[in-house]
Amino acid sequence: MTGRARGRSRGRGRGGGGDAARRPGEAAQAMPEQAAPVGRGRSRGPPPPAAAPQKPRPEPEPPTQAMAGMSVSQEQRPPRRSRENPDDIATKPSHVVSKKGATGGQVALLTNHFKLKTKPSFGIYQYNVSFNPEQESKRVRVGLLRSQSQVIGQIHAFDGMMLYLPIRLPETNTVLNLTKLNGDPVQMTIMYTNDVPKDSPSMMQLFNIIFRRILKNIGMQQVGRNYYNVGSPIMIDKFKLELWPGYTTSILPYETDVLLSADVSHKVLRQTTVLEYLYDLYNSTRRDFHGEACKKLVGQIILTRYNNKTYRVDDIKWDKYPNHTFHGRIKGVERDISYVEYYEEVYGKTITDMEQPLLVSRLKKIPGQKTRIPEGELFLVPELCFLTGLTDEMRNDFALMKDLAVHTRVDPKTRNQSLLRFMGDISRNKDSSTELAGWNLEFEKETLTLPGRILPTEKIYQKSKSYTYDPKTADWSREMRGNPLHSTVSLDNWVLIYSSRDGGNARDFEQTLKKVCGPMGINVANSQSQQLSDDRTESYLSAIKGKYSEQLQMVVTILTTNRKDRYDAIKKLCCLEMPVPSQVIVGRTISKKQMLMSVCTKIGIQLNCKLGGEAWAVEIPLKKTMVIGIDCYHDSASKGRSVGGFVASMNQTLTKYFSRVSFQHSGMELIDGLKTNMSAALRRYNEIDGDLPDRILIYRDGVGDGQLRTVVEHEVPQLKASFSAVSGDYKPRFSVVIVKKRISARLFFKNDGTNLTNPPPGTVVDSDITRRDWYDFFLVSQSVRQGTVSPTHYNVIEDSSGLNPDHFQRLTYKLTHLYYNWPGTVRVPAPCQYAHKLAFLVGQSLHKAPCHELADKLFFL
């Protein structure tokens, strides 16, 4: 899939606001545990869809046995791509000579990277190892090679076929005659193939394999893609959670050096097993238990403590139980064995509930990799699986998130000290030091120092006033107070619908809204208010339908609770059936009198923007320029489908937008949708401006790991080809910038030489930790009060715009000022954030493309 579809809304700075009632879901109320099984049994639980087979056929082996059967071991397998290195494709445009800008004041920074140094005698030599007769067992091949340490040395890396050594053997072909433990003779040939180039992918792969060994030497265990100290968990018993402290690491070639990127990481693990979760779910959701269980669990990442491995739940087999058998090899003997016996014999784990269904985790098919699992499915026992991560309900629990933040929000100084201790542990460990010395490698003991620049603050323009802001916070909420917005739309025809329970709150809200909107330049007429006798969803929908007309500008509903189904129903009616901008407010949001003025001010700005107004603007020197934001989000109602949000600017100040969505099950579908959306946006721009834009800049967010090549080789050519469909000779100057937030890079400001703080908003880094074959830079655009700020990475993969590095950096920073849900800068350019908000609304609530009548308004804000 070309777009990385997110499973939940991730905050981008403080600009994650929206309708007050927007919630991903409501937590089911837990009831006391009962003895009802979650798998089968008519009297004690919901029956399975199909009866259990009398004689189950041989089944795939459980997790660890399956992993042992793979041709590449867990330790020797090439490291997964890191998030900041999605593909090795070089994307720097051919005309770019220097990516460095010059605007702004110089500043000294530290980063979470360590330089990997090689000694003068460094060299890596690659050999191919073959056996005669051929040895199928990898364990045997590894054992035979290790027995010849007097020939190859103690330091080596071997995956069963390819051997890497830090020394050059005397002979090109080294032939050794060996004898196996059973007495059989075997001939092993070690054939030299080549010297490994220092910056080659094979060398980076080897560096990461070596470092994974080092992490194991210092007592860390791999869980998923990262390493954690599982022996020192941080217990949060109040919420049945525990945190495993650890690190994310990757070794990559950067601008001038090979660097180790290391960052503090925490694995959130729930103390609740999947079986306990299923029992709680059954006790609270008996009608459609099977459906709810699949909805809640499929897609979740679980951890099995007996081997500290993570798996993705892909299905639940309601007709398969722990006493079913599979054909497997246990302790060298092939036989039929039940899951109960398997876990007892191999791990010493006793399974007590024989009625629980089994979870299914499907293996990813890796080309050229053999496995003994014919159907590619692993079966896991819920009783032995633990849930990881946080649910949306947990994220909405303020007390829980506050307790977690104490441990996970690490400030720059503490983070840097932790990284220095980490490198100190490696250097003090005898095995790690021996390993590094054997490969003629060493790490610098201090984190990398690098130069940065701080871009100047922007001037904010409103209707009758312009001002700047405190550069340390990039927040102008105080400066804009009491001033008319940049452009306003009178709210003359609007509907206010509420239940009798919120009657007093509704009247106070309308009066306060009029009071605060006046100074902002927004004229608010009396609403067509309607009080409902109940708070049923049907009552809200009927009231909206009764009040709807083509002249209606806005529907405002006040809900008693934040039920997602009610919110979705209102949004579907107002976005799909009767196109009109809508605002949904939860009653408790406007119930506190002391906060009402502030809340109504924010809602007033939102209403104005949803009607087509603008809150503020910044100076945009570029003329006849269209800026486009693209982002993806998964569709919660359709498995495997995701929504592509497309938002394009329509005016000189880049403050008015045209929006479209497209749906995809595959990358090609998204590409076709982008072509259609691009053509529609260009036609709309031509209708408004009377001409087509001279320059088009696309900020492409939502690019998943490994999808950069698809964007470069397929999306960009198709987008360029769509220009001729609008006008035969139309060839605008065109740029595409990949926006990436899920990166491990961190930047620390050397405030007084010793005390590290977050760098101020506007900090740019375009050297040292950038990639030599990319046209990229890092930008810190927001202010963070707690923890360590995360920069955003920008990679220009296509460029005929005529802009220099300063222009790209300055324009990108300007665009982070234009998101109207927050009077301050946000983490990504406003078009990207708007595209995310649109895709989120469609993916969570609408599941269909909104009416085109709403395309010119920020109805999704």
Side-chain angles (χ1 to χ4, degrees), residues 1-4 86-87 89-96 622 624-632 641-650 654 657-704 706-739 774-775 794-803 808 811 829 831-832 835 838-839 849 852 855:
M1 185 163 58
T2 302
R4 180 184 68 242
D87 211 331
I89 181 172
T91 59
K92 182 191 286 186
S94 58
H95 70 275
V96 176
L622 301 177
K624 296 187 71 175
T625 297
M626 173 187 283
V627 175
I628 296 170
I630 301 173
D631 200 359
C632 294
R641 187 173 86 153
S642 60
V643 183
F646 180 99
V647 176
S649 66
M650 291 286 122
L654 311 181
Y657 293 92
F658 172 89
S659 62
R660 281 278 195 273
V661 298
S662 55
F663 297 89
Q664 69 169 109
H665 282 90
S666 70
M668 293 309 297
E669 292 171 5
L670 179 65
I671 292 168
D672 293 337
L674 291 179
K675 288 169 59 180
T676 304
N677 295 342
M678 175 68 83
S679 299
L682 289 171
R683 284 193 291 268
R684 182 59 181 150
Y685 188 98
N686 189 40
E687 290 173 9
I688 296 172
D689 195 65
D691 200 356
L692 291 169
D694 292 340
R695 184 185 284 110
I696 297 174
L697 281 79
I698 294 180
Y699 285 90
R700 175 69 161 93
D701 204 345
V703 178
Q707 298 300 333
L708 182 59
R709 185 177 296 274
T710 304
V711 177
V712 172
E713 296 179 355
H714 298 286
E715 278 190 30
V716 172
Q718 291 296 320
L719 287 168
K720 292 168 73 174
S722 69
F723 298 148
S724 59
V726 178
S727 177
D729 58 351
Y730 179 53
K731 293 183 180 179
R733 287 175 285 180
F734 179 61
S735 295
V736 179
V737 185
I738 301 297
V739 181
W774 289 357
Y775 182 14
Y794 297 90
N795 181 18
V796 184
I797 63 171
E798 172 75 21
D799 179 37
S800 61
S801 65
L803 303 180
F808 273 112
L811 178 63
C832 285
L838 173 61
H852 289 175

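Keep in mind that this is a model prediction, so the values were computed, not measured.
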Given D701 and Y699, is the side chain to side chain contact (heavy atoms under 4.5 Å, CB included) satisfied, shown in steps? CA-CA 6 Å; D701 204 345; Y699 285 90; over 6 Å; no
In Å and rounded to the nearest 0.5 Å, what is the CD to CZ distance from E798 to R700? 14.5 Å
Nearest non-hydrogen partners of A681 and F646, listed with the distance: CB-CE2, 3.8 Å
Hey, are the side chains of L697 and L803 touching, using non-hydrogen atoms and a 4.5 Å cut-off? yes
CZ/R660 to NE2/H852 distance, rounded to the nearest 0.5 angstrom? 3.5 Å
Could you tell me the separation between the CD1 atom of I698 and the CG atom of L719, rounded to the nearest 0.5 Å? 4.5 Å
Check F663 against V661 and note the closest heavy-atom contact, atom names and distance. CE1-CG2, 4.2 Å
Rounded at 0.5 Å granularity, tell me how far CG in L674 sits from CD1 in I630. 5.0 Å
Go through V647 and F658 one step at a time and tell me if the side chain to side chain contact (heavy atoms under 4.5 Å, CB included) criterion holds. CA-CA 6 Å; V647 176; F658 172 89; over 6 Å; no
Decide yes or no on side chain to side chain contact (heavy atoms under 4.5 Å, CB included) for K720 and K731, but give the supporting numbers first. CA-CA 8 Å; K720 292 168 73 174; K731 293 183 180 179; over 6 Å; no
Donor-acceptor pair, side chain of T91 and main chain of W774, under 3.5 angstrom: no
Is atom NZ of K92 surrounded by more than 12 heavy atoms (other residues, nucleotides or ligands) closer than 6.0 Å? yes
Taking every heavy atom of L682 against every heavy atom of L692, the minimum-distance pair comes out as O-CD2, 3.4 Å
Would you say the side chain of V726 lies within less than 4.5 Å of the side chain of M678, judging by non-hydrogen atoms? no
Minimal heavy-atom distance between Y685 and P693, with the atoms involved, is CD2-CD, 3.3 Å
Provide the closest heavy-atom pair for V716 versus V712 in the form atom of the first, atom of the second, distance. CB-O, 3.9 Å
Under the side chain to side chain contact (heavy atoms under 4.5 Å, CB included) rule, what do T710 and E715 come out as? Steps first, then yes or no, please. CA-CA 7 Å; T710 304; E715 278 190 30; 5.5 Å; no
What distance separates S735 OG from R695 CZ, expressed to the nearest 0.5 Å? 8.0 Å
Scanning both residues in full, the closest heavy-atom pair of P93 with Y775 reads CD-CB, 3.8 Å
Considering only heavy atoms from C-beta outward, does the side chain of L811 approach that of T625 to under 4.5 Å? no
So do P829 and V627 actually touch side chain to side chain, heavy atoms under 4.5 Å? no
Are any side-chain N or O atoms of N686 and backbone N or O atoms of D691, one a donor and one an acceptor, separated by less than 3.5 Å? yes
Out of curiosity, S659 OG to I628 CD1, how far, rounded to the nearest 0.5 Å? 12.5 Å
